[in-house]
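Here's the structure we're looking at; comments come further down.
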Amino acid sequence: MSLTTALNIAQSALLATSRQTSVVSQNVAGARDPDHTRRIAVVSSTGPGARVVQIQRATNELLFRQNLVAGSSHAAQSALLNGMERLGIAVNGADNATAPAAALAELQKALDIYAANPSNRNLAEVAIDAARHVARTLNAGTGSIQSFRAETDADIATSVGELNDLLARFEDVNRAIISGTRAGRDVSQALDQRDGLLKNISELVPISTFTRGDNDMVIMAGNGSTLFETVPRKVAFEPLAGYSAGATGNAVYVDGVPLAGGSGGNTNASGKLAGLVQLRDSVASTMQSQLDEVARGMIAAFAETDPSAVMPDRPGLFTWPGAPGMPAAGALVDGLAGVIRLNAAFDSSVGGNPEFLRDGGANGAAYISNTSNAASYSDLLMKYGDRLDQPIAFDLAAQNGSSASVLTYASNSIGWFEGVRQDASRAMEAKEALAMRTQEALSNATGVNVDTEMTLLLDLENAYEASARILKAVDEMLVALLAAVR
């Protein structure tokens, strides 16, 4: 081997070691960055010597896609569970203390006490207060649900804004990758940024991707629409100014295609946006429908009836804007829980007579049950109590059964909500664990192990010293050669 050849080998080894050391340093610096993918400097023999021919990223496409899917599913489940926790507290309170079922139980208790001593007007006032509380609880529940839907609408709008921002940033990074790939530059850092953006985007909407020439990437949304191809596609949403019972919120459109919400406590939705849509249009709306059915049941249970069965039934203790008509039996009336009121005819604070509850007659003489005006008359009070326990027909659209007493229906409504919430909680644990495991598997396959990098750094140091010794030996030989020829 000539001295020139030995010198070239040592120089190329030093250059390769320098490049490898730089790559190791980048890996160590990015060890704590979850989006950093380990780089590997590929060394090739070039005879004589060696050089770094390219920088490879330790990617694993299958694990990366699994991680995107798991993260998207977890984001939807998290949005659903967190929303249900807030909705449950807003409507039913801690330990269901403010649920309509609790207010109904208090009314039934007040009725029983009043029926045992019907001559006591104070007990009549207590029963009226309990009825007023029932109406206010239903009104407040409706207000809380509609406020929650409006807040969820605002969350959807915020998330859509975040998604459009992420897509705009994705365009910049994707463009840098394409130009860098065409120019033959190392685009590893930009690829890391693009992977990080994909993770963030998938947390909002489920995605799939494919890569074209020059590392150009196309993103498809879970609903089959194109989310990004060369440029971001439009993601549009118009929030409503406010919500009323039965109102349907606007859809999120990805390139003109609506994004569907999920269903079930263990939601089949993917992405935060689908979870929020499910909360707004399914969970909260169903809860509202059940409140409306409870309100209809209360109007029916306390309706005044003509003892001679000639006149039609009329709203009694509880009334609504459709009075003197009665809500149709077995049919959901959207928003009824928000407009049900204590009948002013029973309310002494506005000039009413609370003893209509004992005697009847709020709708006129034809509806008086205690025709003898006996102070000990309690038949009507007991009748009301019995009606609260008698099954009536409910609309199946409220998803809480078709037949039950109004008291049972109100309790079942809590059970329905808690059942869905518990399903959501269990599913949340499973999906969170899956997301963590896929992230861990991806990190093990593509992440940085500092111990491994430091070991490699020591090897590179030894290689550097060996190359330096070759240079020194060649230098000494050249000096000796020059000394010999002088």
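No salt bridge links R469 with E476; every basic N to acidic carboxylate O contact stays at or beyond 4.0 Å. The existence of a salt bridge linking R65 and E61 is confirmed by a sub-4.0 Å separation between a basic side-chain nitrogen and an acidic carboxylate oxygen. A salt bridge links R57 with D192: the closest approach of a Lys/Arg side-chain nitrogen to an acidic carboxylate oxygen falls below 4.0 angstrom. Of the charged side-chain nitrogens involved, at least one lies within less than 4.0 Å of a carboxylate oxygen, so that R280 and D153 count as a salt-bridged pair. Classification of E440 and R437 as a salt-bridged pair fails, no side-chain N sitting under 4.0 Å from a carboxylate O. The pair R149-D281 meets the salt-bridge criterion, since a charged nitrogen lies less than 4.0 angstrom from a carboxylate oxygen. Checked for salt-bridge contact, R426 and E429 miss the test: no charged N lies under 4.0 Å from a carboxylate O.
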With side-chain contact (heavy atoms from CB on, under 4.5 Å) as the criterion, how do L460 and V24 come out once you've worked through the C-alpha distance, each side chain's angles and the decisive distance to 0.1 Å? CA-CA 10 Å; L460 292 171; V24 170; 3.8 Å; yes
For E293 and Y409, what are the C-alpha separation, side-chain angles and deciding distance, and is it a side-chain contact (heavy atoms from CB on, under 4.5 Å)? CA-CA 9 Å; E293 283 295 81; Y409 191 88; 3.6 Å; yes
Checking side-chain contact (heavy atoms from CB on, under 4.5 Å) for the pair R212/T230: CA distance, chi angles, key distance, verdict? CA-CA 11 Å; R212 302 186 294 197; T230 307; 3.5 Å; yes
Take I299 and W320 through the side-chain contact (heavy atoms from CB on, under 4.5 Å) test and state the conclusion after the steps. CA-CA 8 Å; I299 293 174; W320 66 306; 3.9 Å; yes
Quick one: do K199 and D35 satisfy salt bridge (charged side-chain N to carboxylate O under 4.0 Å, His left out)? Show the steps, please. CA-CA 9 Å; K199 289 180 183 177; D35 296 328; 3.6 Å; yes
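For the pair S179 (side chain) and A176 (backbone), a donor-acceptor distance under 3.5 Å is present. Under a 3.5 Å cut-off, the side chain of T142 and the backbone N or O of G338 do form a donor-acceptor pair. Listed for the N412 side chain is no donor-acceptor partner under 3.5 Å among the backbone atoms of G401. Of the possible donor and acceptor atoms, none in the side chain of D216 sits under 3.5 Å from a partner among the backbone N and O of N174. Without hydrogens or angle criteria, S244 side chain to A247 main chain gives no donor-acceptor distance under 3.5 Å. The closest donor-acceptor contact from the side chain of D95 to the backbone of A97 lies at 3.5 Å or more, if one exists at all. T21 places a side-chain N or O within 3.5 Å of a backbone atom of T17 that can act as its donor or acceptor partner. At least one donor-acceptor pair under 3.5 Å links the side chain of S467 to the backbone N or O of A463. Under the 3.5 Å distance criterion, the side-chain polar atoms of D292 are matched with a main-chain donor or acceptor of L336. With hydrogens and angles ignored, the 3.5 Å screen pairs a side-chain donor or acceptor of N60 with a backbone N or O of L63.
With no hydrogens or angles considered, no side-chain donor-acceptor pair links S159 and D155 at under 3.5 Å. A side-chain donor-acceptor contact under 3.5 Å links N215 and T181. No side-chain donor from either of D255 and S225 sits under 3.5 Å from a side-chain acceptor of the other. A donor atom on one side chain and an acceptor atom on the other are found under 3.5 Å apart for Q146 and Q288. Using a 3.5 Å distance cut-off with no hydrogens or angles, the side chains of K431 and N266 do pair a donor with an acceptor. If you check the side chains of T408 and S405, you find a donor sitting under 3.5 Å from an acceptor. Between the side chains of E203 and S72, no donor-acceptor pair of N or O atoms lies under 3.5 Å. Residues N449 and E453 have side chains that never bring a donor and an acceptor to within less than 3.5 angstrom of each other.
At least one side-chain heavy atom of V294 sits less than 4.5 Å from a side-chain heavy atom of L104. No side-chain heavy atom of T37 sits under 4.5 Å from any side-chain heavy atom of L191. In this structure the side chain of R233 reaches within 4.5 angstrom of the side chain of T226, judged on heavy atoms. Annotation: side chain of V91 is in contact with side chain of I145 (closest heavy-atom distance under 4.5 Å). For the pair M428/S78, a side-chain contact is recorded, criterion being any heavy-atom separation below 4.5 Å from C-beta on.
Among V252, D165, L259, the one residue that satisfies the side chain to side chain contact (heavy atoms under 4.5 Å, CB included) test with V160 is V252. When each of D195, T209, T446, V69 is paired with F64, the side chain to side chain contact (heavy atoms under 4.5 Å, CB included) condition holds for D195 and for no other.
For A58 against I40, the heavy-atom pair with the smallest separation is CB-CD1, 4.4 Å. Scanning all heavy atoms of the two residues, the minimum distance from A70 to T438 falls at CB-OG1, 3.6 Å. Heavy atoms only, all atoms of each residue included: H74 and A435 are closest at CB-CB, 4.1 Å. Pairing each heavy atom of N223 with each of V257, the nearest pair is ND2-O, 3.3 Å. Taking both residues in full, the closest heavy atoms of A398 and T286 are given as O-CG2, 3.5 Å, listed atom of the first, atom of the second, then distance. Smallest separation of non-hydrogen atoms from L107 and A131: CD1-N, 3.7 Å.
For F170, the ring-ring contact (aromatic ring centres under 6.0 Å, His included) partners at least two apart in sequence or on another chain are F228. Under the rule for a salt bridge (charged side-chain N to carboxylate O under 4.0 Å, His left out), the partners of R175 that lie at least two apart in sequence or sit in another chain are E171. For F417, there are no ring-ring contact (aromatic ring centres under 6.0 Å, His included) partners two or more places apart in sequence or in a different chain.
Annotation: E238, atom CD; neighbour count of heavy atoms from other residues, nucleotides and ligands within 6.0 Å does not exceed 12. The number of heavy-atom neighbours closer than 6.0 Å to CD of Q189, taken from other residues, nucleotides and ligands shown, is 12 or below.
One finds the CD1 atom of I201 at 6.0 Å from the CD1 atom of I207 (value rounded to the nearest 0.5 Å).
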